[in-house]
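The next block holds one structure in the form of structure tokens; read it before the comments.
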Amino acid sequence: MIDELSKQYHPKETEDKWYKFWEENNLFSAKANPKKKPFCIVIPPPNVTGILHMGHALNNTIQDILIRYQRLKGRESLWMPGIDHAGIATQNVVEKQLAKEGLKRQDLGREKFIERVWQWKEQYGSTIIKQLKKLGASCDWPRARFTMDEEYSQAVKEVFVALWGKGLIYQDNKVINWCPRCQTALSDEEAPHRELQGNLYYIKYPLKESPSHQVTKSPVEYIIVATTRPETMLGDTAVAVNPKDKRYKHIVGKTLILPLVNREIKIIADSLVDTKFGTGAVKVTPSHDPNDYLLGKKHKLEFVNVMHPDGRMNENAGDYSGLDRFEAREVILEDLKEKNLLEKTEAHQLSAGHCYRCHTIIEPYLSRQWFVKMAPLAKPAIAAVKTGKIKFYPKRWTKVYLNWMENIQDWCISRQIWWGHRIPLWHCQDCQKTAASVDDLKECPVCKSSHLKQDQDVLDTWFSSWLWPFATFGWPFVGEPVSQLASEPVNRLKTLTGKPANRQTGELKYFYPTSVLVTAPEIIFFWVARMIMAGEEFMRDIPFRDVYIHGTVRDIEGKKMSKSLGNIIDPLDIISEYGADALRFSLISITAQGQDVFLSEDRFQQGRNFANKIWNAARFILMNLDKAEVQAGLESFKGQDLGIVNRWILSRFYSVLKETDKMLGAYRFNEAANALYGFFWHEFCDWYLELAKPILVNREQSAGRRNTQIVAYKVLEKFLRVIHPFMPFITEEIWQKLQFTTSQSHRVTSIMTQAWPSAQEEMMDKAAEAKLNLIFQVITTIRNMRQELELAPEKDIEAVIAASGKAHRDFIDSLSLDIKRLAGLSAMRIEEKYQHPRSSITSIIKDVHISILLEGAVDLEKEKIKIGERIEKIELEISAKQRTLANKGFLQKAPAEVIAKEKERVVELTATLKRLKEIRDELH
RNA sequence: GGGCAUUUAGCUCAGUUGGUUAGAGCGCUACACUCACAUUGUAGAGGUCAGAGGUUCAAGUCCUCUAAUGCCCACCA
């Protein structure tokens, strides 16, 4: 075990090696185990088209930390992995591939096209999994599910049929979000609104009753409407005004001639119209605007669709037929201008829906789609959060969730694409009835006709994702009891019988509800909310107890990282340059709970440097470890008098351990990471190892050396376990080197299977901490004085330390060798009483005087100024404190310990002040 | 229009329930390559905690208002 370690840590050489080792030894696998408490996270399944970006890196690092932490803590920890089939995104990718061959999906036909997608999936679909492995993700990979797996698809069908049976699925003609590029309907969540700089066009619609249809200057001859989408005027079937609007009262019910189309349309009155917007008169296009659709229904207007699904104008657009919607806009504006019908154009900021897959501007479009009635599903999901069964971290997302749920809209679930779960509905060509079925229907259940056609549409991808926390465990298949499960992982198919909650596999029963869901804020509506609804509906239980929402990864200017902006920092580049541990640690240490992360590449140096620090500390300890001595000593370790330095570092370790536990339990990952960083670097390395150095390097056997070896070994070994969730690779590498196992023993052992150190209160020694802190301050002060006095490093300096109290002096004396060495003193004397040594400079730490003896003359003026400044500062503080202590309110209301502390501080400051004044007075 | 977040050192950010002297990393200054580590060590400089008002014995922390920035939501023709 005294193998020579290299001077620098090289992550590349170790990371792949240990990942392979963990996988080969099934160290990520978890099974239903009644003897242990479960801990389970289901991964937010990345898209099959996905490529690891920083958002994934952060998301999955957090999950891996939780999983590894709980695994060490003895929970049966399962991280359920998988991939989402990502209907539209994947179809787009494959269509692009086809386009390169000059083909369209229609050229292949539905079946061939789907085959082609599967081929694509086989070839490229596991990219992101390989990348997650690089990151160190300890998922139980053999369990990985794909949302298009046969079993999973069955779950999707069951759910659809169950909702159908409850009457929660209906078909309707509505104005929905239509993406003209993807040529499919989208849900509201899939069409986020973005601000757009556009124009508001004021168009004159002539009254039919005017003398001629020519527009004259008289305002009664026409009505002016304002619109941002003039091309939709071709589909106008009314103009609406507010019934209270005096400007228009007299012409309500009159007929207008729709320009360019020459259709007669009525002026209607409806309170929905805002009198303050535009001219107070609004054109009504029931087929191309959700509001106008409502008006159209209410006032029984004609519905005129003027667009093809691809966004080109259709035959109803007359002369404009065939033009793209935005081309048509320009031409129409030209024509209106020519006819003197365009009153004016105003710049206007508007927001429009954009396709979340291809960013094309959404067209509100009338079409027949399938919807899920959401209100009944939302009810228990609202209750689950309101009653605290599910908790959001940070808490503020609760409100966002509830606000959305309480105003929930019906969910448009049909998509006009091919890649996805085809809607399990069969339409009878004879009796025109529709039936839902989990199995392929051969005959109509109503009229027994065999002329059945399955619905052409597929389901929204999220209609399968929302089942993730239970469908991944085999729901709705019947499984065996927990005890038999391990040996017989066979799932048998059963048809839905209407009692879904009872049909559980043992695994499902064991791991569901899962423990925590880790995701980004933009996914709350898409996924989190819907999973809660699905869990309540189909499992009669919540899907997870906690929801941890982390921030968005942005670049250093606060912009979202995206390919199009070219500001991407590729996690894989970081891994190959700095290592996965460095990536993980750096990401986590800058991620405050729920705050966005502003990232620049130099951040990762910190993680790399830290890994290197751990490496070198371990290297030093290993180089100076006597194996036999440590091995023997580990057994007879308890009850030894370890000495104050060892007691101190153990005390510090257990304090930091306690802190880490607390912070991880509260999802405050950065605080845990930073506490561990500070402890290891500044306490363990900077102080402890420096103090231990001569003892360890000196090969002579002694009780002190043995104790120091054991403590250094133990603290390092335990620290590795505690930091392992953050930095899994380097900790395994070093931990393996710390093992005493001989080559004969083939038992597989890993840091992953060790126990998380338990907090040991009796090891916490506040007195030892305070005593050593004083020594550290003395050393720091001497170093400081040396630099202030500009004494060359090689110059011998002598110090006199005065401290009252024999025990106190003896304690300082016991560490005098360390003080001399670390402060760079050639000699040190300890005295009972401070007696201004000739030609010296003195500093004060509490009641300890530290004087440095100088050969030449002391620069009195400089020293006087310095001491004067310090005296001034202390006097200010004392007077502030005395004012507080004179305050009756403070004495009455402040807690006793706060008052005591203040008093103590004043006493201490007063004493220091007195000593400083003495020193100043001696400077003559 | 509604909601949320942010504003603390030159930069990027921590700071849990209000309680001594407000912290870290990077950067900066000075010094040091003495055998764990220059991906290092030692020491240091640097902050009226966005502004105003309030509650309190006590405010970076709680309340109100203001300003700036960012995000989300909404039937913004």
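Quick note: numbers below take in every heavy atom, side chains included, and nothing from hydrogens, waters or symmetry partners.
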Would you indicate, yes or no, if B:G41 has its OP1 or OP2 atom less than 4.0 angstrom from a side-chain nitrogen or oxygen of A:W681?
yes
Among side-chain atoms of A:K881 and A:S879, is any donor-acceptor pair under 3.5 angstrom?
no
So, OP1 or OP2 of B:G3: does either fall under 4.0 Å of a side-chain N or O from A:K399?
no
What pairs of donor and acceptor atoms, side-chain ones from residues 194-203 of chain A against any protein atom, are under 3.5 angstrom apart with sequence neighbours left out?
from   : atom 1 : to     : atom 2 : distance (Å)
A:N199 : ND2    : A:Y201 : OH     : 3.2
A:Y202 : OH     : A:E346 : OE1    : 3.0

Please produce a list of atom pairs where a protein N or O lies less than 3.5 Å from an N or O of nucleotides 25-35 of chain B.
from  : atom 1 : to     : atom 2 : distance (Å)
B:G25 : OP1    : A:H682 : NE2    : 3.3

Atom CD1 in A:I819, atom CD1 in A:I779: separation rounded to 0.5 Å?
5.5 Å
Pairs: protein N or O with nucleotides 44-49 of chain B N or O, under 3.5 Å:
from  : atom 1 : to     : atom 2 : distance (Å)
B:G44 : OP1    : A:N784 : ND2    : 3.3

Compute the ring centroids of A:W681 and A:Y677, then answer whether they are less than 6.0 Å apart.
yes
State whether the distance check finds a donor on one side and an acceptor on the other, under 3.5 Å, for side chain A:R905 versus base B:U21.
yes
Could one point to a donor on the side chain of A:K7 or the base of B:C37 with an acceptor on the other under 3.5 Å away?
no
Might you list the N or O atoms of the protein lying below 3.5 Å from N or O atoms in nucleotides 58-65 of chain B, with each pair's distance?
none

Under 4.0 angstrom between A:R783 side-chain N/O and B:A43 OP1 or OP2:
yes
Checking only heavy atoms, does the side chain of A:E690 share a donor-acceptor pair with the base of B:A36 at less than 3.5 Å?
yes
Would you list the pairs meeting ring pair (Phe, Tyr, Trp, His ring centres under 6.0 Å) in which at least one residue belongs to residues 776-796 of chain A, sequence neighbours left out?
A:W648-A:F776, A:W687-A:F776
Using the C1' atoms only, state how far B:U34 lies from B:G47, rounded to an integer number of Å.
38 Å
Quick one: stems for RNA chain B, with Watson-Crick or G-U pairs under 3.5 Å, at least three in a row?
B:1-7 with B:67-73, B:10-13 with B:23-26, B:28-32 with B:40-44, B:50-54 with B:62-66
